[in-house]
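These values consider heavy atoms only, across backbone and side chains, with no hydrogens, waters or symmetry-generated copies. Counting from 1, the numbers follow the sequence of the chain as shown.
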Amino acid sequence: MRRTAQLLAGIAILGGCRGEQVPTEAATRGQLQAEASQSFGPSVAKDLATLRQVTAPFQRFDVASHAGWSAPITACMTDPNGAGGMGFHYGNVGLIDGVARVDEPELLLYEPEQNGRLRLVAVEYIIPYTFHSRSSAPPELFGQKFLQNDTFQLWGLHAWVWKENPSGMFASWNPNVTCANTTAVANMVH
């Protein structure tokens with residue numbers, strides 16, 4: 001825990017040097033626990049806090065890429081029916097093993113910003129049908145059932161831990177996410 005706190009402090013200092021705002025561990029944990037406790041209960045709030053803690057360093061895409069989330073999975077995804085966006089999906093293919101772990105999301109979702117940077121907005125847990133058949137009961141994490149995604153032949157669960165989602169913490173689409181700052185866009189019903 002101490003090592004993680006030191007790492008997050010270092011990232012915050014580096015971010016400050018570059019003029020970027022990086023959430024501190026204490027602020028992130030406090031904000032998330034307050035929001036999640038009200039909605040989901042203390043157990044899920046604790047798991048969401050763990051998720052934010054382990055993904056905090058990935059605010060910088062280069063850090064995520066070097067840590068293994070370097071496989072481009074999708075273009076910047078938007079819903080043609082107006083439900084919102086998801087952003088770019090980058091995967092850590094070594095984690096796609098049929099097991100969902102709170103602290104090891106298979107995908108990181110990034111929204112393109114006007115300045116060309118990518119902003120971490122969410123994670124997605126995926127379990128391909130080859131590991132957990134489509135006809136089986138849905139896998140669960142955070143007390144939420146995964147949703148079927150027949151386009152990609154998998155079960156998926158989003159967690160919007162880095163950008164507020166008025167549709168809900170675990171909704172597929174976020175109306176606050178846009179792909180307006182890129183030409184690499186994929187319109188897809190999910």
Side-chain angles (χ1 to χ4, degrees), residues 4 7-36 39 48-49 51-93 95 104-126 147 149 151-152 156-190:
T4 302
L7 177 63
L8 290 173
I11 291 169
I13 291 168
L14 287 173
C17 292
R18 294 179 57 175
E20 300 172 1
Q21 290 184 334
V22 177
T24 64
E25 180 181 7
T28 298
R29 184 182 308 127
Q31 175 188 359
L32 179 62
Q33 286 177 340
E35 293 169 3
S39 302
L48 288 169
L51 174 59
R52 281 188 99 172
Q53 183 178 19
V54 299
T55 58
F58 306 141
Q59 298 293 326
R60 289 192 33 218
F61 178 74
D62 62 324
V63 173
S65 182
H66 283 94
W69 282 268
S70 57
I73 305 297
T74 70
C76 190
M77 290 180 61
T78 61
D79 176 30
N81 297 321
M86 288 184 198
F88 291 97
H89 292 62
Y90 286 90
N92 184 330
V93 295
L95 297 176
E104 293 182 330
E106 290 82 4
L107 306 178
L108 300 178
L109 281 61
Y110 286 90
E111 178 181 29
E113 296 183 312
Q114 281 186 320
N115 62 9
R117 291 189 183 132
L118 295 174
R119 177 181 180 217
L120 179 63
V121 293
V123 306
E124 186 174 2
Y125 297 91
I126 61 169
L147 301 175
N149 182 323
T151 302
F152 293 108
L157 179 68
H158 293 82
W160 295 93
V161 293
W162 291 107
K163 187 161 189 169
E164 187 204 347
N165 186 348
S167 298
M169 173 68 75
F170 301 105
S172 293
W173 298 102
N174 187 333
N176 290 337
V177 171
T178 179
C179 293
N181 298 314
T182 184
T183 57
V185 178
N187 289 313
M188 178 173 278
V189 177
H190 189 303

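Within the structure, salt bridge (Lys or Arg N to Asp or Glu O under 4.0 Å) contacts touching residues 166-179 (residues at least two apart or in different chains) do not occur. Note on residues 83-92: no pairs pass salt bridge (Lys or Arg N to Asp or Glu O under 4.0 Å), not counting sequence neighbours. Sorted pairs that involve residues 170-183 and meet salt bridge (Lys or Arg N to Asp or Glu O under 4.0 Å), not counting sequence neighbours, are lacking altogether.
Residues passing the side-chain contact (heavy atoms from CB on, under 4.5 Å) test with I73 are A71, H89, L107, sequence neighbours excluded. Here N165 pairs with W160, S167, A171, N174, P175 under the side-chain contact (heavy atoms from CB on, under 4.5 Å) rule; sequence neighbours left out. Every residue two or more places apart in sequence or in another chain that forms a side-chain contact (heavy atoms from CB on, under 4.5 Å) with A180 is listed here: T178. Remark: Y110 pairs with F61 by the ring-ring contact (aromatic ring centres under 6.0 Å, His included) rule, at least two apart or across chains. Taking the side-chain contact (heavy atoms from CB on, under 4.5 Å) definition, one finds that A159 meets it with L51, V123, V161, F170, sequence neighbours left out. In this structure E111 satisfies the salt bridge (charged side-chain N to carboxylate O under 4.0 Å, His left out) test together with K163, sequence neighbours excluded.
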Could you pull out every donor-acceptor pair under 3.5 Å between side chains of residues 182-189 and any protein atom, sequence neighbours left out?
residue	atom	partner	partner atom	Å
T182	OG1	A184	N	3.1
N187	OD1	T78	OG1	2.5

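Across every non-hydrogen atom of Y125 and E106, the tightest pair is CA-OE1, 3.1 Å. Considering all non-hydrogen atoms of both residues, L120 and Q59 come closest at CD2-NE2, 3.9 Å. Nearest heavy atom pair, residue T55 against residue P105, reads CG2-CG, 4.2 Å.
Note that the CG atom of L147 and the NE2 atom of H158 stand 9.0 Å from one another [nearest 0.5 Å].
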